[in-house]
There are 2 protein chains.
Amino acid sequence: MSIRHGLLALLDQGPRYGYQLRTEFEARTGATWPLNVGQVYTTLSRLERDGLVEAAGEDDEGHQFYAVTDAGRAELRTWFDTPVPRTSPPRDELAIKLAMAVTVPGVDVSAVVQGQRRHSIKALQDYTRLKGRALAGETGPGTVPSEGNDLAWLLVLDQLIFQTEAEIRWLDHCETRLAQQAELQQARAAEAARDGAARKPGRLGRRTRA
Amino acid sequence: MSIRHGLLALLDQGPRYGYQLRTEFEARTGATWPLNVGQVYTTLSRLERDGLVEAAGEDDEGHQFYAVTDAGRAELRTWFDTPVPRTSPPRDELAIKLAMAVTVPGVDVSAVVQGQRRHSIKALQDYTRLKGRALAGETGPGTVPSEGNDLAWLLVLDQLIFQTEAEIRWLDHCETRLAQQAELQQARAAEAARDGAARKPGRLGRRTRA
DNA sequence: CGACACATGTAACACGTTACATGATTTG
DNA sequence: CAAATCATGTAACGTGTTACATGTGTCG
């Protein structure tokens with residue numbers, strides 16, 4: 001529901017038309033999250049269907065304007081007032097992938113971690129470079145520079161940087177945990193070998209085949 | 001596509017039936033990302049439609065087993081081999097919300113940030129508590145403890161913790177940036193006032209600054 | 001017996017995404 | 001003139017999500 005509310009917020013500044021909304025949206029999120037123009041129109045019609053926006057006539061140049069309704073303003077207010085739920089965050093594909101990788105046999109977990117790490121490092125460098133350019137006063141291509149926009153774009157960039165840094169730290173953390181695990185298993189294997197035939201069935205587990 | 005591949009990975013360990021897949025999936029992601037049982041079945045039929053899994057007969061207890069096909073194994077391999085794209089990550093609702101909040105007039109940005117901060121702190125505490133319990137050896141409710149599962153669940157928890165910490169740091173960072181911005185604007189306003197006092201242009205005086 | 005976990009599915013819907021069709025206007 | 005940008009839409013599809021229908025077995 002990010003796009004829905006994003007467009008609603010933009011419309012709260014005053015009536016806009018579709019193409020304009022896309023431009024303004026991208027001015028704030030930069031090249032990070034490109035927004036297909038078509039989606040603006042589909043989202044607009046869904047917003048209109050739900051009574052959050054309404055058609056607001058045409059321009060002298062034929063632009064189809066939309067305006068936010070009272071219901072839309074209310075919706076927007078609760079959006080801003082309600083924190084994004086972090087108790088049940090959106091599924092993170094990387095977390096799921098690693099959770100599966102450490103479980104399914106025959107997967108080189110370390111390779112997965114390292115591959116992702118390289119990629120994330122690369123992404124981080126890109127973001128840092130972009131931030132440098134943003135601080136130098138250069139805005140994204142084709143956008144009219146404005147203080148608010150610049151600030152928004154900068155904050156989004158910072159968020160991406162913080163998040164990516166955390167991801168890399170987590171990947172490293174995973175590696176050390178995996179090393180610990182391997183050590184532990186080696187120790188256990190050695191112990192089992194020493195115990196030899198006198199094995200106790202204390203551990204139950206593994207698969208339930210019928 | 002996280003669920004698709006997640007189920008595929010689970011099936012790579014050997015044929016499973018729907019209900020079992022849900023249990024095993026949740027054993028790895030804990031209570032964080034509960035998986036509706038119905039979705040397992042819809043996803044399974046879509047996987048079958050795409051030729052990644054195939055029906056593998058019934059149990060003596062009537063359980064409908066599914067097995068991964070060669071195509072499915074190939075798909076799984078490329079999933080593990082290809083890093084999750086961080087150059088164009090999934091849209092983050094919080095980032096978009098703040099980007100809009102700093103742009104749209106009439107929004108108390110600081111209130112939004114603080115509200116989110118409180119919520120994220122709360123979530124972080126929950127995760128930390130869960131991690132403590134997980135380290136104490138207790139697995140989620142109704143799950144058979146297994147070493148791989150425990151490790152996976154622990155890694156997922158760590159990811160959530162790292163990510164939430166980064167989010168909180170970012171929120172604080174936003175506040176300082178906002179303070180800077182406010183300072184800058186105050187300075188600018190003061191400057192404008194000084195200029196105005198110098199030449200007393202009246203209420204509607206033009207402030208043309210070359 | 002009634003509640004609850006186990007187990008399998010279907011139907012409907014929401015959102016996001018892409019591809020396509022179409023036309024006006026600007027610009028090299 | 002040709003290409004690019006501006007501008008509006010539609011159609012189709014994919015995944016994820018919920019609600020519902022249905023039935024079995026178990027346990028207090």
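If you're wondering where the values come from, they're calculated on a predicted model, not measured in any experiment. Protein chains get the first letters and strands the later ones, always in sequence-line order, with residue 1 at the start of each. These values consider heavy atoms only, across backbone and side chains, with no hydrogens, waters or symmetry-generated copies.
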Could you tell me how far apart [X] ([atom1]) and [N] ([atom2]) are, to the nearest whole angstrom?
| X | N | atom1 | atom2 | result |
| --- | --- | --- | --- | --- |
| B:Arg22 | C:dA7 | CZ | P | 11 Å |
| B:Glu58 | C:dA7 | CD | C1' | 12 Å |
| B:Asp59 | C:dC6 | CG | P | 16 Å |
| B:Gln64 | C:dC6 | CD | P | 18 Å |
| B:Glu48 | D:dT15 | CD | P | 14 Å |
| B:Glu61 | C:dA7 | CD | P | 8 Å |
| B:Glu26 | C:dA5 | CD | P | 14 Å |
| B:His5 | D:dG14 | NE2 | P | 15 Å |

Donor-acceptor pair, [X] side chain versus [Y] backbone, under 3.5 Å?
| X | Y | value |
| --- | --- | --- |
| A:Arg91 | B:Ile3 | no |
| B:His5 | B:Met1 | yes |
| A:Asp108 | A:Ala111 | yes |

Report yes if at least one side-chain N or O of A:Tyr17 is closer than 4.0 Å to OP1 or OP2 of D:dT8; otherwise report no.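 Answer no for this pair, as no side-chain N or O of A:Tyr17 is under 4.0 Å from OP1 or OP2.
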Looking only at side-chain N and O atoms, does A:His63 come under 4.0 Å of OP1 or OP2 in D:dA7?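 For A:His63, the contact criterion (side-chain N or O under 4.0 Å from OP1 or OP2 of D:dA7) is met.
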Please encode protein proximity along nucleotides 12-25 of chain C as a string of B, S and -, counting only heavy-atom distances under 4.0 Å. --SBBBB-------
Contacts of B:Gln39 that satisfy side-chain hydrogen bond (donor to acceptor under 3.5 Å, both in side chains) - sequence neighbours left out: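 By the side-chain hydrogen bond (donor to acceptor under 3.5 Å, both in side chains) rule, B:Gln39 matches no residue at all.
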B:Arg4: partners by side-chain hydrogen bond (donor to acceptor under 3.5 Å, both in side chains), with sequence neighbours left out: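 Testing B:Arg4 for side-chain hydrogen bond (donor to acceptor under 3.5 Å, both in side chains), a comparison that skips the adjacent residues, returns B:Asp50.
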Identify which nucleotide among D:dG9, C:dC6, C:dG9 has an atom closest to any side-chain atom of B:Tyr19, counting heavy atoms from C-beta outward.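 The listed nucleotide nearest to B:Tyr19's side chain is C:dC6.
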Tell me, do B:Gln20 and B:His63 make a side-chain contact under 4.5 Å, heavy atoms counted?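 Of all side-chain heavy-atom pairs linking B:His63 with B:Gln20, none is under 4.5 Å.
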Within the 3.5 Å criterion, strictly below it, is a donor on B:Trp170 or B:Glu175 matched to an acceptor on the partner's side chain?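 Not at all, the side chains of B:Trp170 and B:Glu175 share no donor-acceptor pair under 3.5 Å.
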